[in-house]
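First comes the structure, then the notes that go with it.
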Amino acid sequence: MNSLESDSGASSVESGGRSNFIRDIIIEDVKSGKHGGRVQTRFPPEPNGYLHIGHAKSICLNFGLAAEFGGRCNLRFDDTNPSKEETEYVDSIMEDVRWLGFQWDGLFYASDYFSQLYEWAVQLIKAGKAYVCDLSADEIRQYRGTLTEPGRDSPYRERSIEENLDLFERMKKGEFPDGSRTLRAKIDMSSPNLNLRDPVMYRILHLDHHRTGSEWCIYPMYDYAHGQSDSIERVTHSICTLEFENNRPLYNWFIEQLGIFPSRQFEFDRLNLTYTLLSKRKLLTLVQQGHVAGWDDPRMPTLSGMRRRGYTPEAIRNLCANISVSKTNNTVQLSLLEHCVREDLNRRAPRVMAVLKPLRVRIDNYPDDLVEEMDAVNNPEDESAGTRQVPFSKFLYIEQDDFREDPPRQFFRLAPGREVRLRYGYFITCTDVVKDDDGNVVELHCTYDPQTRGGNAPDGRKVKSTIHWVSAAHAVDAEVRLYDNLFTKENPGEVEEGEDFTANLNPNSLEVLTECKVEPSLRDAAAGARYQFERLGYFSVDSDSYSEKLIFNRTISLRDTWSKIEQRAKK
RNA sequence: UGGGGAGUAGCCAAGUGGUAAGGCAGCGGUCUUUGGAACCGCCAUUCGGAGGUUCGAGUCCUCCCUCCCCAGCCA
């Protein structure tokens, strides 16, 4: 269950040239003509949860390396444990891999190989390399010994081959209850590597499997299934995460005993991210306990969550290319991911004006019924994106944060008596402030300079600030969901005695704004569409959005120097 | 106290005996109709520590220290 996170790597199609030790090994192997220069990899998730950004590292590595060396990469579901696996997960995994931008060559399931695996087990029994053991799970543990003490041989270790064959067949036929017997490899109970102390190959599980139904009641363990699956697919480079290093001798042992295609395993460091949990078990808990709305909640580090939030596959692939691949335990700062997201969105997201917390503005000297269409640039980073028109009129909304009755030093935006530019509009000057009974500012009176249409002053005078706005009469109502880190700690797994990781949940990770006003061009925005709300950040239309009610997710804010200045001033 | 891995800047990371790449973050500046973007500059006399070999060591040798993984009929 935790393993998926474990099979991951990094690199991407566009990372192509970036060096990492696995790539170096492949270059050597190709050069020396190993396997005829053929490169075959695989991405082997267990369908027991949704893919997250840690898996993206593995996907990019496996598919990226195959692509770079003209090889092939399979998608193989490691479905050897029917108690945890579901079809829902295999569907989501396929969708996510495709969304990330990869297409597998072969699509396989470890369960495709159950018959072959069974035959090989019989072969090992006949060779005296495996035996049926009647020890209980608890007894097996006791016989295994400890890190510093060798284990003891099972009393069933020396059963005759005939008896083993008979028992194993009856296990398969369902004659024995769950947990009553196992098939074990006969290796070495005193090995310093605990994985080699007669590991369990098969356990009895009277459970329906998502693909094989009730055909089997014995299921192979990971160690007995994974290497052979690789071998069957003639995988040349089987890439997995560091915690499987101890399993490599066992991976090799089965392949050697069976004399089958010698796939080789290489281990790399999995991805960790600050303020983020990448454990499928814990993510499942968040979903089941309702701390988030589902696997695709935009606060989740799942690929489906990030997709819904508005992250692009390119940004994620870019992160994977940036972090490289090594063998050191590491935790990448979230800011690097955020950088990748901004970098990509900056290039491609159309700009648009939206006011999240509206403050009404009346332009006293502007004609009551006049509406002007102002030309606005869609994307300064991309001339081909063209321009659009935005309506301007006497009543507007601006951002509450863009006005201060008593502006601090370095605050350049609107204040009483101060002139600013309305982007693509006019220069306006604040002349009066209207407050409610509680003293809250509810409306501003301003005057505009008709000479500054479009935002340029013929007399060349400068203004310190440009702010965004929306015409009140033309604005479209919208809901905007603001997200913050799901956890308050850099390492969400770090908890006080007696607490679990949910104690580190950020109570303010979601803020819903329901009174937002967006420019009319957004009226028919399609779900999934991504925009930059000028001066605010990148937003995408949520899948909950429908025609009467626009809903946006804030993907990520723009870099905000003003908030830095402000925070520094507070200290 | 067994075995398997890993230590280069706040984070990630190149480096494979010839004098410490790059990115993120941070800091300073230029430019700007987004306090965005872009651009320029600064940011490791030193590579976990101590010895040793060498004309020369992050790279080789010795000892030491720290961190991670393994005692599921999970993956």
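Letters A, B, ... are given to chains in the order of the sequence lines, protein chains preceding strands, and every chain is numbered from 1.
In B:G52 the base sits anti relative to the sugar, since the glycosidic angle is further than 90° from 0.
Here the C1' atom of nucleotide B:A37 and the CD atom of A:Glu381 are 5 Å apart, to the nearest Å. Put simply, CG on A:Asn193 is 15 Å from P on B:G2, counting in whole angstrom units. Summarising the geometry, the separation between CG on A:Asp402 and C1' on B:U34 is reported as 11 Å, rounded to the nearest angstrom. Taking atom CD of residue A:Gln265 and atom P of nucleotide B:G4, one finds them 16 Å apart after rounding to whole Å. To the nearest angstrom, P of B:C74 lies 15 Å from CG of A:Asp79. In this structure, A:Lys84 places its NZ atom 13 Å from P of B:G72, rounding to the nearest Å. Here B:G22 presents its P atom at 20 Å from CG of A:Asn20, a figure rounded to the nearest Å. Atom pair A:Asn330:CG and B:C69:P shows a separation of 14 Å (rounding to whole Å applied).
Searching all strands for a Watson-Crick or G-U wobble partner of B:U16 with both distances below 3.5 Å returns nothing. Checking B:C39 for Watson-Crick or G-U wobble geometry (two distances, each under 3.5 Å) identifies B:G29 as its partner. B:C67: Watson-Crick or G-U partner is B:G5, with both key distances under 3.5 Å.
Within 3.5 Å, no donor on the side chain of A:Asn329 pairs with an acceptor on the base of B:G7, nor the reverse. Judged by atom type and distance alone, A:Gln410 does not reach the base of B:G35 through any side-chain donor-acceptor pair under 3.5 Å.
When distances run from any side-chain atom of A:Gln333 to the nucleotides B:A6, B:C11, B:C70, the shortest one goes to B:C11. Of the candidates B:C74, B:A14, B:G28, B:C74 carries the atom nearest the A:Arg203 side chain, counting heavy atoms from C-beta on. For A:Val332, whose side chain is taken as the heavy atoms from C-beta onward, the closest listed nucleotide among B:C27, B:C12, B:C74 is B:C12. Side chain of A:Leu558, nearest nucleotide from B:U34, B:A6, B:C70: B:U34. The side chain of A:Leu147 approaches B:G2 more closely than any other nucleotide in the set B:G2, B:G7, B:A37. With B:G3, B:G26, B:A25 as the choices, the nucleotide that has an atom nearest any side-chain atom of A:Ser335 turns out to be B:A25. Ranking B:C70, B:C68, B:G15 by closeness to the A:Ser19 side chain, first place goes to B:G15. Residue A:Arg568 places its side chain closer to B:G28 than to any other of B:A13, B:G10, B:G28.
As judged by a 4.0 angstrom heavy-atom cut-off over every strand, A:Arg559 is placed among residues touching the sugar-phosphate backbone only. Using a 4.0 Å heavy-atom distance criterion, A:Thr80 is classed as a sugar-phosphate-only contact. Residue A:Lys464 is out of contact with every strand shown, counting any heavy-atom pair closer than 4.0 Å. Using a 4.0 Å heavy-atom distance criterion, A:Arg351 is classed as a base contact. Using a 4.0 Å heavy-atom cutoff across all strands shown, A:Thr274 reaches no nucleic acid atom at all. Contacts of A:Leu135 with the nucleic acid, taken as non-hydrogen atoms under 4.0 Å apart, include base atoms.
Residues A:Phe244 and A:Phe266 place their aromatic rings such that the two centres sit no closer than 6.0 Å. Centroid-to-centroid, the aromatic rings of A:Phe168 and A:Tyr202 come within less than 6.0 Å. Proximity of the aromatic rings of A:Tyr275 and A:Phe487 is defined here by a centroid distance below 6.0 angstrom, and this criterion is not met.
Distance noted for atom C1' between B:C73 and B:C68: 27 Å (whole Å).
Checking A:Phe43, A:Tyr113, A:Tyr109 one by one against A:Phe77, the ring-ring contact (aromatic ring centres under 6.0 Å, His included) holds for a single residue, A:Tyr109.
Between A:Lys186 and A:Asp198, none of the side-chain N atoms (NZ, or NE/NH1/NH2) sits under 4.0 Å from a carboxylate O, so this pair counts as no salt bridge. Ion pairing between a basic and an acidic side chain is recognised when a charged N comes within 4.0 Å of a carboxylate O; A:Lys84 and A:Glu46 show no such pairing.
Figure legend: A:Arg159 and A:Tyr131 shown without cation-pi pairing, the cationic atom not lying both under 6.0 angstrom from the six-membered ring centre and within 45 degrees of its axis.
Proximity of A:Arg141 to the phosphate of B:G72: a side-chain N or O atom is located under 4.0 Å from OP1 or OP2.
Comparing A:Arg413 and A:Lys327 by the nucleotide of RNA chain B whose heavy atom lies nearest to each, the residue mapping closer to the 5' end is A:Lys327. Nearer to the 5' terminus of RNA chain B, by closest-nucleotide assignment, is the contact made by A:Ser465 (compared with the other of A:Tyr202 and A:Ser465).
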